[in-house]
S.K.: 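To start, I am sharing the structure in question, which I have written as structure tokens.
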Amino acid sequence: MKLLVYGAGVCGTLLAVRMHEAGHDVALLARGERLADLRRHGVRIAEQDSQDVRRVEVPVVDRPAGGYDLIAVVVRTHQVDAVLESLADVDGDVLFMLNWAAGARPLGAVIGHERVLLGFPTSGGTMDGDVVRYRAAGLLTRLVTMPIGEPGGRTTPRLDRIVRTFRSAGVGVKAEPRMDAWLKTHAAFSAPLGQAVDAAGGPQALAADPDAIRGMIGLMRRNMAALQGPPVPRAIAALLTLPEGLLVAVLRRFLRSPTAVHSGLSTASPATTAELDRLAEQLGADV
């Protein structure tokens, strides 16, 4: 597979490394300071707090060129408009792997509806300078698979091909027939979570404030209730039915866990705030 990974943050970098090491023709697209770091030091990854930093020779580019079998867009929600403009005349199917609650239509309106696939990255980690520190392999990382799907839930040869190719490279992935609903459900949960963590100053700080967690749960429930259809996956519906006290206890434990600490929840930045604001705006318009 000739693959362009558009976005060199944690998830994009890890996907590019995995596919490159599986023998695919991969290019990793970066911009700004991240591009400068990659050109200076190369793609570097390490497991969580390990001192063993590994350099992987993934080709790095600053713009799309030619055509690709697949373009995986792994950027923040508020960066999508600029990405769409740069891909309008570049050949290849485009898999948008990101926080997105606006559906496939505005994506296809720019690049062509027939090119769009939807997904969400599940690899976890943080940036440590120019080093991507990824979550250690364990039961959770094996159980959590990356959902991807066609708009409208179709089963197509290209979706089957992408799933097989990713799996053969060791990327946990599954075909999700309700991908649009999955993304809206995720946004209904993740936007309040991210905004509450950002306001508190980090996941552990939020864990120490039960009142803030209760307010966050209330917003999640209002978002879920406004969804046009049942939550996907249905297990998320537990947010509507479980006692508030139990949810507070579960979320406090999660916020203190290594999973939360070694994730994007711990990397507050202006870009994080801009993404959450755009996601909340989409959610308000589309649920």
S.K.: Going by the rule side chain to side chain contact (heavy atoms under 4.5 Å, CB included), which residues pair with Ala46 if we only count those two or more places apart in sequence or in a different chain?
M.R.: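 With neighbours one apart ignored, the set is Val53, Val131, Arg133.
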
S.K.: Not counting sequence neighbours, which residues clear side chain to side chain contact (heavy atoms under 4.5 Å, CB included) with Ala82? List them please.
M.R.: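 Here no residue qualifies.
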
S.K.: Under the side chain to side chain contact (heavy atoms under 4.5 Å, CB included) test, which residues partner Arg115, sequence neighbours left out?
M.R.: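 Partners of Arg115 by the side chain to side chain contact (heavy atoms under 4.5 Å, CB included) criterion, ordered by chain and then number, come out as Ile71, Val94, Ile111.
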
S.K.: Between CG of Leu193 and CG of Leu276, what distance do you get to the nearest 0.5 Å?
M.R.: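 The distance works out to 9.0 Å.
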
S.K.: Roughly how far apart are Leu15 CG and Met19 CE, rounded to 0.5 Å?
M.R.: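 The CG atom of Leu15 sits 6.5 Å away from the CE atom of Met19.
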
S.K.: Given side chains that start at C-beta, do those of Arg105 and Asp180 come closer than 4.5 Å, heavy atoms only?
M.R.: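 No - every pair of side-chain heavy atoms lies 4.5 Å or more apart.
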
S.K.: For residues 203-213, pull every pair meeting side chain to side chain donor-acceptor pair (under 3.5 Å), keeping only residues two or more places apart or in separate chains.
M.R.: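 Listed by first then second residue: Asp211-Arg214.
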
S.K.: List in chain and number order the residues that pass salt bridge (Lys or Arg N to Asp or Glu O under 4.0 Å) with Asp93, two or more places apart in sequence or in another chain; answer none if no residue qualifies.
M.R.: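 Partners of Asp93 under the salt bridge (Lys or Arg N to Asp or Glu O under 4.0 Å) test: Arg158.
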
S.K.: What is the distance from atom NZ of Lys2 to atom CG of Asp91, rounded to the nearest 0.5 Å?
M.R.: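 One finds 10.0 Å between NZ of Lys2 and CG of Asp91.
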
S.K.: Identify each donor-acceptor pair in which a side-chain atom of residues 23-32 lies under 3.5 Å from a protein atom, sequence neighbours left out, and give them as a table.
M.R.:
residue	atom	partner	partner atom	Å
His24	ND1	Met1	N	3.1
Arg31	NE	Asp62	O	3.0
Arg31	NH2	Tyr6	OH	3.1

S.K.: Please check if atom CD in Glu33 has more than 12 non-hydrogen atoms from other residues, nucleotides or ligands closer than 6.0 Å.
M.R.: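 Atom CD in Glu33 is not packed in, count stays at 12 or less.
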
S.K.: Residues in side chain to side chain contact (heavy atoms under 4.5 Å, CB included) with Leu14, at least two apart?
M.R.: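 With sequence neighbours excluded, Leu14 shows a side chain to side chain contact (heavy atoms under 4.5 Å, CB included) to Val10, Ile45, Ser123, Val132, Tyr134, given in chain and number order.
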
S.K.: Which atom pairs, donor and acceptor, lie under 3.5 Å between side-chain atoms of residues 163-176 and protein residues at least two apart or in another chain?
M.R.:
residue	atom	partner	partner atom	Å
Thr165	OG1	Arg161	O	2.8
Arg167	NE	Val173	O	3.0
Arg167	NH2	Val173	O	3.2
Ser168	OG	Arg164	O	3.4
Ser168	OG	Thr165	O	2.7
Glu176	OE2	Arg178	N	2.8

S.K.: Heavy atoms, side chains only, cut-off 4.5 Å: are Phe96 and Leu117 in contact?
M.R.: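 When only atoms from C-beta onward are counted, Leu117 and Phe96 do not touch, as no gap falls below 4.5 Å.
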
S.K.: What's the separation between atom CG in Asp49 and atom CG in Asp52, rounded to the nearest 0.5 Å?
M.R.: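 So the gap between those two atoms works out to 13.0 Å.
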
S.K.: Please check if any side-chain donor atom of His186 sits under 3.5 Å from a side-chain acceptor atom of Asn99, or the reverse.
M.R.: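 Yes, Asn99 and His186 have a side-chain donor paired with an acceptor closer than 3.5 Å.
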
S.K.: Under a 4.0 Å threshold between the charged nitrogen and the carboxylate oxygen, would Arg54 count as salt-bridged to Glu47?
M.R.: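 Judged by the 4.0 Å cut-off on N to carboxylate O distance, Glu47 and Arg54 do not form a salt bridge.
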
S.K.: How would you list, by chain and number, every residue that makes a side-chain hydrogen bond (donor to acceptor under 3.5 Å, both in side chains) with Arg154, sequence neighbours excluded?
M.R.: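 With sequence neighbours excluded, Arg154 shows a side-chain hydrogen bond (donor to acceptor under 3.5 Å, both in side chains) to Glu150, given in chain and number order.
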
S.K.: Return the set of residues passing side-chain hydrogen bond (donor to acceptor under 3.5 Å, both in side chains) with Arg40 (not counting sequence neighbours), or none when no residue passes.
M.R.: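 In terms of side-chain hydrogen bond (donor to acceptor under 3.5 Å, both in side chains), with neighbours along the sequence ignored, Arg40 is linked to Asp37.
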
S.K.: Can you list everything that forms a side-chain hydrogen bond (donor to acceptor under 3.5 Å, both in side chains) with Glu57? Sequence neighbours excluded, please.
M.R.: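 Applying side-chain hydrogen bond (donor to acceptor under 3.5 Å, both in side chains) to Glu57 gives Arg55.
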
S.K.: Do Arg34 and Thr13 meet the criterion of a side-chain donor-acceptor pair at a distance under 3.5 Å?
M.R.: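 There is such a pair (donor and acceptor under 3.5 Å, judged by atom type) between the side chains of Arg34 and Thr13.
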
S.K.: Just by distance, do the side chain of Thr77 and the backbone of Leu279 share a donor-acceptor pair under 3.5 Å?
M.R.: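 Side chain of Thr77 to backbone of Leu279, a donor-acceptor pair under 3.5 Å: no, none is there.
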
S.K.: Apply side-chain hydrogen bond (donor to acceptor under 3.5 Å, both in side chains) to Glu244 and list each qualifying residue two or more places apart in sequence or on a separate chain.
M.R.: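 side-chain hydrogen bond (donor to acceptor under 3.5 Å, both in side chains) list for Glu244, sorted by chain: empty.
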
